[in-house]
2 protein chains.
Amino acid sequence: MERQALHDNVVGHIRDLIVEGILPPGIKLNERALCETLGVSRTPLREAIKVLATEGLVDITPNKGASVSSMSETEIGEVFELMSALEAFSGELACERISPEELSAIKALHYEMLALHARNDLPAYYRCNQRLHDRINEAARNSVLRQTYVGLNRRLNALRFRSNLNAAKWDRAVQEHGEMIKALEARDGKLLASMLRQHIVQKKEIILAELRTADKPQAS
Amino acid sequence: MERQALHDNVVGHIRDLIVEGILPPGIKLNERALCETLGVSRTPLREAIKVLATEGLVDITPNKGASVSSMSETEIGEVFELMSALEAFSGELACERISPEELSAIKALHYEMLALHARNDLPAYYRCNQRLHDRINEAARNSVLRQTYVGLNRRLNALRFRSNLNAAKWDRAVQEHGEMIKALEARDGKLLASMLRQHIVQKKEIILAELRTADKPQAS
DNA sequence: TTTTTGTATTTTGCATTCAATACTGCGCCG
DNA sequence: CGGCGCAGTATTGAATGCAAAATACAAAAA
């Protein structure tokens with residue numbers, strides 16, 4: 001194993017632990033414990049934590065240590081809001097730049113999602129959905145946009161809201177996807193952009209509403 | 001001075017050196033030298049470098065050290081492209097959320113810019129311009145958007161293209177600003193967004209063209 | 001003269017060590 | 001009985017030390 005790989009691996013490893021939900025939001029990161037888990041000393045580990053903090057996945061409190069970032073409701077809303085703009089912009093660019101092969105791949109994913117919807121397999125549907133949006137983002141052919149998108153997406157994934165969509169909303173999301181694919185095929189950038197934006201805003205509303213109903217009962 | 005402040009100060013300090021152009025793109029960051037300049041040991045310095053690398057201001061080559069990031073022409077174009085979307089979105093949100101005071105402040109900046117334009121003071125105009133766009137971005141009231149915007153802006157500022165706009169283009173930019181202010185006053189989000197986007201795309205074209213003419217002569 | 005190769009020096013990456021701050025738990029006092 | 005203070009411990013932040021890699025340089029051979 002190369003020498004520098006160590007540091008980057010540590011970043012990637014901890015990031016995975018966070019995004020996979022193994023390290024849930026708010027949990028304290030004990031340096032010593034993580035060192036033993038990852039088999040490295042504190043120096044590279046601390047470097048990794050600083051990096052993850054700049055990525056927004058970790059919060060550092062001076063002299064008190066680091067913890068997995070737990071976003072406030074408003075911050076979650078803000079991330080979704082920005083995501084809506086990035087998705088919309090991705091869609092618009094994708095309409096100009098997508099290749100036939102990429103379009104086919106996206107259509108294939110869409111059909112896969114139709115199947116998963118019919119089969120009522122929500123987790124697989126989510127994974128497929130993520131991949132589809134990723135493909136659109138990649139089709140925009142802008143690596144800076146891509147980086148930004150991926151970074152924000154990780155912050156959201158770290159929160160692990162696998163919302164259990166009710167049937168009506170799921171149906172609607174599927175239908176929206178269908179229309180979005182049509183717009184992409186027609187290379188109608190403006191239309192796709194506005195649909196994607198609306199789609200994400202919708203998602204934001206659903207998840208924020210769910211967060212509120214999930215928190216309130218505990219308080220009462 | 002607090003204990004943790006040290007690390008963050010190191011990040012801020014080096015970042016300033018880069019954004020101010022004291023450390024120009026491509027230059028190698030000698031750890032030992034920087035340690036002496038900043039009066040810290042290598043540990044916090046290296047942490048800072050890793051952070052700056054995640055911010056995109058520094059490139060790290062394994063076992064070879066760090067250097068101030070020098071973007072390719074395509075990458076610069078990509079950053080501008082994303083900026084155009086962020087500015088547009090900021091404008092749209094600002095139209096919904098801006099306070100009368102914020103609007104007044106922006107109008108004041110605009111008038112200041114008119115004066116500077118008349119006085120032909122380009123550097124001051126640029127600073128004012130930057131502040132105006134910052135204010136719009138802040139008026140969008142989305143801290144995540146703000147963070148992303150600031151980060152990208154720093155990467156561009158590090159490149160230090162203080163382009164010496166010809167009169168016609170400068171006039172045009174000033175006029176566009178006037179129209180943008182009108183749209184903001186009218187709370188016409190869609191209009192402001194499209195204008196801002198066009199404005200930044202314009203800026204991108206100007207700067208990329210200038211980069212090409214600045215590079216080609218050296219090669220020939 | 002140019003290239004190549006072997007060595008010395010520098011520089012990077014990581015581990016360890018040291019200092020300072022925060023937490024814990026126990027006794028003491030109110 | 002409960003709150004407060006103080007010692008002890010743990011944990012964080014930074015400096016130092018050490019091994020591996022890269023660079024620089026010089027001498028020798030083509």
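To find a chain, count down the sequence lines: A is the first, B the second, and so on, and within it residues start at 1. This one's a predicted model, so the numbers in the text were calculated from it and none came from an experiment. No hydrogens, no waters, no symmetry mates; every other heavy atom, side chains included, goes into these values.
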>> I need the minimum non-hydrogen distance between B:Ala94 and B:Ile136, along with the two atoms involved.
In response: CB-O, 3.8 Å
>> At less than 4.0 Å, is any side-chain N or O atom of A:Lys28 found next to OP1 or OP2 of C:dC23? Yes or no.
In response: no
> Atom CG of A:Leu34 to atom P of D:dT11: distance rounded to whole Å?
Replying inline: 12 Å
> Do A:Thr43 and C:dA15 share a donor-acceptor pair, side chain to base, under 3.5 Å?
Replying inline: yes
>> By the definition salt bridge (Lys or Arg N to Asp or Glu O under 4.0 Å), identify the one residue from A:Arg97, A:Arg141, A:Lys107, A:Arg135 that meets it with A:Glu102.
In response: A:Arg141
> Nearest of D:dA22, D:dA15, D:dT12 to any side-chain atom of B:Asn63?
Replying inline: D:dA22
> If you check the A:Pro44 side chain, which of D:dA14, C:dT12, C:dC14 turns out closest?
Replying inline: C:dC14
>> Heavy-atom nearest nucleotide on DNA chain D for B:Glu47 versus B:Arg42: which residue maps closer to 5'?
In response: B:Glu47
> C:dC14, C:dT11, D:dT11: which one has an atom nearest the side-chain heavy atoms of B:Arg32?
Replying inline: C:dT11
> Taking atom P of D:dT23 as reference, at what distance in whole Å does atom CD of B:Glu31 sit?
Replying inline: 14 Å
> Within this structure, what is the CG-to-C1' distance between B:Leu38 and D:dA14, rounded to whole angstrom?
Replying inline: 14 Å
> Nearest to the side chain of B:Asn30 - D:dA14, C:dG13, C:dT11?
Replying inline: C:dT11
Tabulate below the donor-acceptor pairs under 3.5 Å that side-chain atoms of residues 147-156 of chain B make, not counting sequence neighbours, or state none.
residue: B:Thr148; atom: OG1; partner: B:Val144; partner atom: O; Å: 2.8
residue: B:Tyr149; atom: OH; partner: B:Glu87; partner atom: OE2; Å: 3.0
residue: B:Arg155; atom: NH2; partner: B:Glu75; partner atom: OE2; Å: 2.9

> Hey, mind stepping through A:Asn129 and A:His133 against side-chain hydrogen bond (donor to acceptor under 3.5 Å, both in side chains) and telling me if it holds?
Replying inline: CA-CA 6 Å; A:Asn129 179 59; A:His133 285 272; 3.3 Å; yes
> What integer distance in Å separates A:Lys50:NZ from C:dC14:P?
Replying inline: 16 Å
>> Check this one for me: any side-chain N or O of A:Lys64 less than 4.0 Å away from OP1 or OP2 of C:dC23?
In response: yes
> A:Ile49 near the nucleic acid: base, sugar-phosphate alone, or nothing, with a heavy-atom cut-off under 4.0 Å?
Replying inline: nothing
>> Rounded to whole Å, please give me the gap between CG in A:Leu45 and P in D:dT11.
In response: 14 Å
> Is A:Arg46 near enough to D:dT12 that one of its side-chain N or O atoms lies under 4.0 angstrom from OP1 or OP2?
Replying inline: no
>> For B:Arg32, is the CZ atom crowded, meaning more than 12 foreign heavy atoms sit under 6.0 Å from it?
In response: no
